[in-house]
Amino acid sequence: MSSAAKPIEELERVIVRFAGDSGDGMQLVGGRFTDVTAVLGNDLATLPNFPAEIRAPAGTLAGVSSFQIHFASREILTPGDAPNVLVAMNPAALKANVSALERGATIIANEDAFTTRNLAKAGYETNPLEDGSLEAHVVRRIPMTTLTARAVEGMAEVSTRDGMRAKNMFALGLLCWLYDRPTAVAESWLDKKFAANKPALEANLAALRAGWAFGETTELIDHRYTVATAHDVAPGIYRTVNGTTATALGLVAASERSGLSLVLASYPITPASELLHELARHRSAGVRTIQAEDEIAAAGMALGAAFGGALGVTATSGPGMDLKAETIGLAVMLELPMIVIDVQRAGPSTGMPTKTEQSDLLMAMYGRHGESPLPIVCATTPSQCFDAALEAARIAIRYRTPVILLTDLFLANSSEPWLIPDVTKLPAIDPQLARANGSGTFAPYARNADQARPWAIPGIPGLEHRIGGIEKSQPSGGISYDPENHQLMTNQRKAKVAGIEVAALEVDADPDAELLVIGWGSSYGTLRTAVRRIREGGGAIAHAQFRNLNPLPANTGEILRAYPRVLVAEMNDGQLVKLLRSEFLLDLESYAVTQGRPLLAAEMEREMLSRL
Amino acid sequence: MSSAAKPIEELERVIVRFAGDSGDGMQLVGGRFTDVTAVLGNDLATLPNFPAEIRAPAGTLAGVSSFQIHFASREILTPGDAPNVLVAMNPAALKANVSALERGATIIANEDAFTTRNLAKAGYETNPLEDGSLEAHVVRRIPMTTLTARAVEGMAEVSTRDGMRAKNMFALGLLCWLYDRPTAVAESWLDKKFAANKPALEANLAALRAGWAFGETTELIDHRYTVATAHDVAPGIYRTVNGTTATALGLVAASERSGLSLVLASYPITPASELLHELARHRSAGVRTIQAEDEIAAAGMALGAAFGGALGVTATSGPGMDLKAETIGLAVMLELPMIVIDVQRAGPSTGMPTKTEQSDLLMAMYGRHGESPLPIVCATTPSQCFDAALEAARIAIRYRTPVILLTDLFLANSSEPWLIPDVTKLPAIDPQLARANGSGTFAPYARNADQARPWAIPGIPGLEHRIGGIEKSQPSGGISYDPENHQLMTNQRKAKVAGIEVAALEVDADPDAELLVIGWGSSYGTLRTAVRRIREGGGAIAHAQFRNLNPLPANTGEILRAYPRVLVAEMNDGQLVKLLRSEFLLDLESYAVTQGRPLLAAEMEREMLSRL
Amino acid sequence: MSASGTNGAAKTNGTAEPSGPRVLTKADFQSDAETRWCPGCGDYAVLAAVQGFLPEVGVPPERTVFVSGIGCAGRFSYYMNTYGVHGIHGRAPALASGLAAARPDLSVWVVSGDGDALSIGGNHLIHALRRDVPLKILLFNNRIYGLTKGQVSPTSERGKVTKSTPFGSPDEPFNPVALALGAGATFVARTIDRDKHHLPAMLRAAVAHPGAALIEIYQNCPVYNDGAFDALTEKDTRDDALVMLEHGQPIRFGADGKHGIVRRADGDLEVAEVADVGENALLVHDAHRTDPSLAFALSQIGELDGGATPIGIFRQSPRASDAAARTAELSAARASFTAADLAKLLHGSNTWSVGASGAGAER
Amino acid sequence: MSASGTNGAAKTNGTAEPSGPRVLTKADFQSDAETRWCPGCGDYAVLAAVQGFLPEVGVPPERTVFVSGIGCAGRFSYYMNTYGVHGIHGRAPALASGLAAARPDLSVWVVSGDGDALSIGGNHLIHALRRDVPLKILLFNNRIYGLTKGQVSPTSERGKVTKSTPFGSPDEPFNPVALALGAGATFVARTIDRDKHHLPAMLRAAVAHPGAALIEIYQNCPVYNDGAFDALTEKDTRDDALVMLEHGQPIRFGADGKHGIVRRADGDLEVAEVADVGENALLVHDAHRTDPSLAFALSQIGELDGGATPIGIFRQSPRASDAAARTAELSAARASFTAADLAKLLHGSNTWSVGASGAGAER
Ligand SMILES: Cc1ncc(C[n+]2csc(CCOP(=O)(O)OP(=O)(O)O)c2C)c(N)n1
Ligand SMILES: Cc1ncc(C[n+]2csc(CCOP(=O)(O)OP(=O)(O)O)c2C)c(N)n1
Ligand code: SF4
Ligand code: SF4
Ligand SMILES: [Mg+2]
Ligand SMILES: [Mg+2]
């Protein structure tokens, strides 16, 4: 396929959102468009949005599925706020997404789907393509269904159904043409996917090419765009990953680096289930996954595995965290390594399971009875989930403690390019397992300089010992109800966590900045983008993002005190700000949103501006 | 029994501790001594201390059980720090308790029990009654076993075993004589208790009288003491209650006052089990108790009962709270009344189940995923548990919300006199159940001025409705994933709790006080006692005790800001102080102890003094 | 994207109290919430069957409560125009037990899935059965996790490839009927979503049962486990695959009733050809026995040979119980409990009074 | 009051690795923690039996792990000089399952009480049995909550007066053997704390079983439920009350074996007089059947007539399983997983490289 004669305009960045019915294959189109964009060397970020229902009635609002991709010739950090182009495969997709568009955005609508029946299902009284309600936008009406049908017409073995299903490939072909991206990667993906189903392969390829060809020939669209390779990107080998995959790979890497085997025990829950699915496939890395009967059992299994010398991991989302609390408390008492991953979603209770939020921080800190401190790590971007998982493992193993790793639904589902690390340069994690000492006594609660106790795993004669959830005397580990000992152990458990070495908080600051914006976890990209825009507008500002939430980096207080105004932005009701206020007694400002969605760059830019 | 000729000295207050083996009946003796003291009109406070083991080997340290009573002719507030008299029924009892004594305290030892074998079991190498190690104390060696045996000798049907077991009554008789208290109430208690077992009754009465007579005749003890009726006590009818009984009665009172039936679903756990035991007996008040299969079920049952229009209550201790978290979150979402009682014990994990602590406050605040605020009430003294339970019910019912009531092991087990309230003056609680409105629509999430929603209980045609843990639109209650609606509901749930009317914080302040001491819950008595001592010593000081922890009383900030120094004292690692610092940005000082024991008046006096 | 519904809001009939004898119809039990299951989901058939059946019971919507767990099946409660609670995952039996204890006057139903009832909620289920709480429990068994998009469930067959078991499930499934019998259930039945006659018959029997009644409903999930029960429903196989249990009847199935169940010499049950063993050798079903052993043995048919699966009532043996009497007694006690009684209770057995002067303690 | 022990500390033998074939003794399994049960508690006898039996298995203490729950029984792990975890209430099977998955080389035991295993921990127990996790599970059934001082348990008999049921328990108890069989347990036995011969025999059989083995141990709690099993242990009653199940043997009991168990015409089991029915009519016990129905029927004896209670192995029917193979495969995979493999994994299937200039994307 060669590009045609229409003029090509160069853009710095573009946001495209594909939207259709759950059955329309929008996630698939989005994924393929991501592939072709990634190999072009654009920076990119993507965000899928699934319907809450499994399969809501076709054509309804509840059934709309979408996929947004933001790609650019310079570093970008979020999937973008407002799409430049919305591909709407049916009226419901249009209705559910049109409010996200700014004036002047383009809508590419599959006009075949705008039937009276579909309009009614979407709750439209008149056809928006015709009633003038979209006049703020550039609307391209394209009969994709018909054109796809025509493309596969006459193909011997292609069923009408296969033909119809291929209309998403038509859209892909058209968008590839529009943004000047060769379809080779998508084609070879189709080759693999439909290796066993030639007719489907043919239909899809035909549709893809038809979409491209339509772009070249149609008079509806008169010019194309291109986005050049990103040049501010570090050299190396890249792939795209979403947060789920990156977390999984980080855990496997921790297993390899530490020499421990990885045991993940989990109970399905949206959006954490995907991690179970992903790790279950890594049989060749010796990963053991167990779908436990519930979250309590999952935590217990991870902890039992840790007692046996494995890297014990359990992953869940909010409601499951509630259930694991008692076992996490036991892990605090046993002082064994264990990783608890909370892929946060919008709460409370069942809440909005398919929406994102950062509202489990205080639960991670305090969600267990008694004084039971533990380290908390969070991930800032989809690919950084890899590092965060490694960091959680490092802390858990070195300090013999359960660690809570906070990610969220947005990170889990969102993708970005990832500079694949050189594995030989990843830090080794020495588990320093206890060895037989021949001395005749073994004290399971003797502490080292890190305040950590020995990890003595079954199999070693001479190290037999019993531990449990009752307060124990130091260093023998025997049951103790002694008041002073309880005070000592309480202090030591606290000191151990407080003394964990974590990286200093980095500030990205203009020299004369008066406002510091603080975030944690997945708001990283949004905040950096907003900060960049402020700077582009000539403003001076500082930004810092927490990756370690307990303990906080040692320089936190110093940094907070260095700015007259500090704004803490969170996707919750102000949880980090509570911790920071209590710790540093500073009148920090809070911008806290609970709308089940990521913060938006424009919104944060506005908030920052209003405080400059 | 008439009192003899020995001189009687008047004291203002006395602390007696009875200590013996678990099998020695020390709790029983303590209880009876409390009865005879209460009817004399002394103010009093008691504290039992049970061994952690069910029945550790007789004679060992682990098997020691004790009961302390503090009684006085003026208001007292704690069971006292250091006993004036220790009754030690065996060497282990002496060893386990002697360190609590100050110089000059009296030890009344059952010398018969100081056999070589018992000494060895207690870990004594030499007999402390003889080796001079007790010379700081006044030691009275009394062969109680022999004297009891002699008293029951020849009683036809009394077995040796019954005789031996009665030696605790000998001790009681002796102490009654020593402190000049008529034994009538104890005798009638024995009458009732042993109505069906005449020989045991006779043996016990004989031992009791023998103890008294021994006092009258022995040359070992040459004078007696008396403690006059307390005069600073409000008039009225009194009984003694411990926190468990007071809580139970408060719940029954709330049931009567509200017209709702009381359903307690609970799973046994020390020290909360007693509340289940206690309420299970109140069949005549229509109380339904269910021993659930676990704490999760217990919470679910209480909530299910609440949906049905009952006053649903569940009670537990730390580990059980962890397990109830998810259900409590559901209750937050359903906005139904429910009372969750946490009788705190020393954590984390299994911790020290028979020791007290206040370390579940932050869990009560934040121990659930998502933004799920709820009111927290705490009890300050054993008898005040009655009011606290009523307060929890009032808030739960009026505001349609789960309420966490924090008590602790110390409150649960400790007793004090209680001025029985006039039931007709207890405030009525109108549940304002929704009534059929005939309008054809019922909106389960329409809110009233309190931001509370209607409580529509099954049985009323026209009010059929479905509610659940998924975010719901206001006011219809339908499932909603709408971002703005989620924000609205989050805000409203927060505003509802924040807007709960609670009594102002009272300060007991000297006009020129510079130091404010703040406590919450069961440290009330200790802090007031210490404050009183400071005042007696001429110091100026202020004290306030929280009964409502969420929301905090409206005047909290004002009060905190009124003092240059504020000390927050807690039996934890500083939990309330974290909340207050975060809320008010004041550099409050913290005195936080985790030793599984109540704060002591002397210790607090020292802390206060050091800050004056 | 946002969506909002009106599931929680009540559809009311305008009048607060019905006048005269009320004739209930299916519509009385249909809420106006839009059903949100996938097209073709077996849940629709069960919903229709339950809504169609309930008028016959005569308990009006306002005295009926559906308590459900989380899962596709858990959505059920939204679609019933009764009182309803959509609880949390696995806990519906606990919520319902509390409700039933507080309100013995209500008809309380539990709706749960195979994951909800048997994985996370297994403990509550077996305890509700043991206690014989008067709940009617509908267990929608599609042998898969539907709502979370296709993981293995405790009823998934061994070797099953799902998202969470890409190399096949290593575990033996539960047999829900056997588990319930092991827990002491007094009423256990099995039926199929699509069977418009059999399903209501099971509901009818469950309602007539005074204690806990568990109905396992084989339910097709066309999205994640399509055709799991096809053998039992498809024309060409069902005759040989489906064994209909009827109390008092010899157990016979297949075209022209050519197969039957007989007791082997060693006491175990097995499928035999009637032609071989003779009609008289056939086992006569007896759901009413106190001893659950026969019901248990029948539950093993199908599990072991894979060929034939019984549906119907395995056990229906009410347990003598004083629960109703206890409940009635408590309700009466509560109703007659006055402020004066409260005062007496507060006083307990040991009081003393302090005069206005603070002196003069007396008993 | 304070107390501190040394339960957690290891008693070691001074030498790190034994040289030559090691002869294990009872002492090798005794920790030096002071036992803290009440005098006369049945737990002592079980402890002694287990410690006495283990040397015979040949697995040394360092490869043996006892995982226990909370309760008096839960203290067990402190007294064994093996590796041990005293977990949280009800969760021992979960901890142990994780351990067994991670470390198939260990011998993992679970110790639990009737409340721990059947009330709060019921779900984990039935799932461990369903999954046939290779755990040896000792269920100390004293029909009461010991550690929390005397509340009703799920095995307490109906009407039992306890602290939490002052007017008698309203609930039917679980039959642990029946529950386990309902859950699909492959090995289920029952024995008695005091029986010095029978208890080790059950342990022996459990150890020989490849999957999950549940042993219900009737255990006397002299403090809160004294004499619960006296009928089975006291001289004057035990002959008529105790039915000893032995695989392959006719089931016969009573003085001179005068009673026996027979199958009634309707298939149910019942106790009969041998004199009346003749020796040949006696049921021959068969613990090895794939079909658990006979075992289940036997579990109902005693429950129904109260007169005679079987002890012994109800079921011992190993299930074919690829679990061990899967586990071995994973262990081998992990052992051979190198940094290079990790690098390959990180790369996945779709990469592109960015040159030093940032340009030149290629695939
Ligand atoms: C505590 C908790 N854990 C996990 C989940 C996620 N979850 C929702 S439904 C479900 C299982 C659904 O399977 P099933 O019960 O068989 O119902 P179905 O969807 O098949 O009808 C799970 C694991 C949850 N909501 N809460
Ligand atoms: C989560 C939790 N709930 C409750 C308890 C309190 N608890 C400790 S042991 C126990 C039950 C003991 O009974 P059982 O399991 O029969 O053991 P036994 O003491 O009789 O050996 C309970 C309820 C606890 N420790 N943790
Ligand atoms: S996923 Fe399956 S069970 Fe759930 S609604 Fe869809 S078809 Fe029904
Ligand atoms: S309470 Fe019972 S079970 Fe517990 S140690 Fe004492 S006798 Fe044994
Ligand atoms: Mg299912
Ligand atoms: Mg027990």
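Reminder, nothing fancy here: chain letters follow the sequence lines and each chain counts from 1.
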>> Taking side-chain hydrogen bond (donor to acceptor under 3.5 Å, both in side chains) as the cut-off, I'd like each qualifying pair that reaches into residues 310-321 of chain D, sequence neighbours left out, listed once.
In response: D/His288-D/Gln316

> Which bit of C/Ala323 comes within less than 4.5 Å of chain D, counting heavy atoms only: side chain, backbone, both or neither?
Replying inline: neither

>> Does D/Gln249, at its CD atom, have more than 12 non-hydrogen atoms belonging to other residues, nucleotides or ligands within less than 6.0 Å?
In response: yes

>> Using heavy-atom distances under 4.5 Å, tell me whether D/Arg131 contacts chain C through its side chain, its backbone, both, or neither.
In response: both

>> Can you tell me which of C/Leu294, C/Ile126, C/Val177 forms the most heavy-atom pairs within a distance under 4.5 Å of chain D?
In response: C/Ile126

> Highest number of heavy-atom pairs under 4.5 Å with chain C: which of D/Leu283, D/Asp268, D/Asp322?
Replying inline: D/Asp268

>> Given 3.5 Å as the limit, does a donor-acceptor pair link the side chain of C/Arg130 with the main chain of D/Asp171, or not?
In response: no

>> Using every non-hydrogen atom in the two residues, find where C/Arg263 and D/Asp266 come nearest and quote the distance to one decimal.
In response: NH2-O, 3.9 Å

>> Less than 4.5 Å to any heavy atom of chain C: does that hold for the side chain of D/Ser169, its backbone, both, or neither?
In response: backbone

> Residues of residues 178-187 of chain C under 4.5 Å from chain D (heavy atom pairs)?
Replying inline: C/Ala178, C/Leu179, C/Leu181, C/Gly182, C/Ala183

> With only heavy atoms counted, which part of D/Leu298 is less than 4.5 Å from chain C, the side chain, the backbone, both or neither?
Replying inline: neither

> Shortest non-hydrogen contact from D/Ala297 to C/Ser293?
Replying inline: CA-OG, 3.2 Å

> Looking only at atom types and distance, does a side-chain atom of C/Asn123 sit under 3.5 Å from a main-chain N or O of D/Ser119, one as donor and one as acceptor?
Replying inline: yes

> For C/Leu118, is it the side chain, the backbone, both, or neither that has a heavy atom closer than 4.5 Å to a heavy atom of chain D?
Replying inline: backbone

>> Please rank C/His124, C/Arg158, C/Arg289 by heavy-atom pairs under 4.5 Å with chain D and give me the top one.
In response: C/Arg289

>> Quick check against the 3.5 Å criterion: does D/His127 have a side-chain atom that pairs as donor or acceptor with the backbone of C/Ile120?
In response: no

